Amino acid sequence: MRKSFSATGLRWLWLVLVVIGVDFASKQWVMNNLALHETMPLMPFFNLFYAHNYGAAFSFLADKGGWQRWFFAGIAVAIVVALLVMMYRTAASQKLNNIAYALIIGGALGNLFDRAWHGFVVDFIDFYIGGWHFATFNIADCGICVGAALIVLEGFLTPSGKQTKQKGKA
């Protein structure tokens, strides 16, 4: 029996579009207003710094000659498909899970678009303390990290017995 769209977690797909839109707009602004490797100081601990990331988080595999572009694109597609299935199987009322899945999907698609279109991911958010800089990242990365944190948080907030009963509801 088919489930109603509004009864499943797919009801939260609008949030995917919000993440993709904000991510795309912010990256376009950076590419149009900053030169590559240019820094724009905003606060004593925060810069905009335009960078190209050919790898994954923390520039993992960035210097491997190009094959990693399609490897990470394949991983993103697999994660998006898996999370869409999970959203379909999850009741719309399980807000925290569905919001988390939507944030991760939006972030994965935002970075996937960059990889497919540019061959790299545009990063620009730079937090630092003194001479130490955290890895430069973007809005899509924020969606992925916040979504992952919400999944962990939900695991602590929902007793395992209650979670099992809710997942059985459609």
Side-chain angles (χ1 to χ4, degrees), residues 3-30 45-46 48-49 51-62 68-118 120-127 133-160 162-170:
K3 298 179 184 181
S4 159
F5 177 84
S6 62
T8 71
L10 295 176
R11 175 174 157 187
W12 293 90
L13 286 178
W14 62 268
L15 187 53
V16 171
L17 299 177
V18 170
V19 173
I20 291 170
V22 172
D23 180 62
F24 180 79
S26 64
K27 289 174 181 175
Q28 286 302 120
W29 186 90
V30 167
F45 57 89
F46 175 61
L48 295 182
F49 175 75
H52 293 169
N53 183 354
Y54 293 90
F58 305 104
S59 294
F60 177 65
L61 296 178
Q68 71 277 17
R69 172 184 182 184
W70 303 111
F71 175 72
F72 292 128
I75 289 173
V77 168
I79 288 170
V80 167
V81 169
L83 289 176
L84 286 170
V85 169
M86 291 173 72
M87 287 179 83
Y88 177 75
R89 292 180 178 172
T90 303
S93 61
Q94 288 188 263
K95 293 178 185 177
L96 201 55
N97 274 340
N98 289 311
I99 290 169
Y101 299 154
L103 290 172
I104 294 169
I105 291 168
L109 290 175
N111 284 339
L112 176 62
F113 175 79
D114 273 6
R115 282 185 210 292
W117 189 257
H118 303 296
F120 54 81
V121 173
V122 174
D123 286 334
F124 59 90
I125 300 172
D126 175 34
F127 283 102
H133 289 255
F134 187 74
T136 307
F137 57 100
N138 58 46
I139 301 298
D141 297 333
C142 293
I144 293 167
C145 290
V146 170
L150 289 175
I151 290 171
V152 171
L153 177 65
E154 197 278 335
F156 285 110
L157 295 177
T158 306
S160 60
K162 183 179 178 186
Q163 188 176 18
T164 304
K165 287 180 184 176
Q166 283 182 350
K167 287 192 179 187
K169 291 182 182 177

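The figures that follow rest on heavy atoms only: side chains count, while hydrogens, waters and symmetry mates do not. Predicted, not measured: the structure shown is a model, and the values here were computed from it.
To the nearest 0.5 Å, the span separating CD on Q28 from CG on D23 amounts to 10.0 Å. Once rounded to the nearest 0.5 Å, the distance linking CD1 of I20 with CG of L15 reads 10.0 Å.
In this structure the side chain of I125 reaches within 4.5 angstrom of the side chain of C142, judged on heavy atoms. Proximity of F24 to I139: side-chain heavy atoms (C-beta onward) are nowhere separated by under 4.5 Å. At a threshold of 4.5 Å between non-hydrogen side-chain atoms, the residues M87 and T8 do not count as touching. You'll find the side chain of M86 reaches within 4.5 Å of the side chain of L83, heavy atoms only. Residues F137 and N53 form no side-chain contact, since every pair of their non-hydrogen atoms from C-beta on lies 4.5 Å or further apart. With contacts defined as side-chain heavy-atom distances shorter than 4.5 Å, the pair W29/L48 qualifies.
Panel note: side chain N98, backbone Q94; a donor-acceptor pair is recorded below 3.5 Å.
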Show the atom names and distances, to 0.1 Å, of all donor-acceptor pairs under 3.5 Å that link a side chain in residues 102-113 to residues at least two apart or in another chain.
residue	atom	partner	partner atom	Å
N111	OD1	K27	NZ	3.1
N111	OD1	N138	ND2	3.2
N111	ND2	D141	OD1	2.8

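In terms of heavy atoms, D126 sits closest to F134 at OD1-O, 3.9 Å. Nearest heavy-atom pair, A92 versus S6, reported as atom, atom and distance to 0.1 Å: CB-O, 3.4 Å. Here the shortest heavy-atom pairing between F124 and T136 reads N-CG2, 3.5 Å. The minimum heavy-atom distance between A73 and R115, with the atom names listed, is N-CD, 4.1 Å.
Judged as a side-chain contact (heavy atoms from CB on, under 4.5 Å), and not counting sequence neighbours, L17 has no contacts.
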| side chain to side chain contact (heavy atoms under 4.5 Å, CB included) between V16 and Y101: does it pass, once the steps are laid out? | CA-CA 9 Å; V16 171; Y101 299 154; over 6 Å; no
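Pairs passing the salt bridge (charged side-chain N to carboxylate O under 4.0 Å, His left out) check and including a residue from residues 94-105, sequence neighbours excluded, do not occur.
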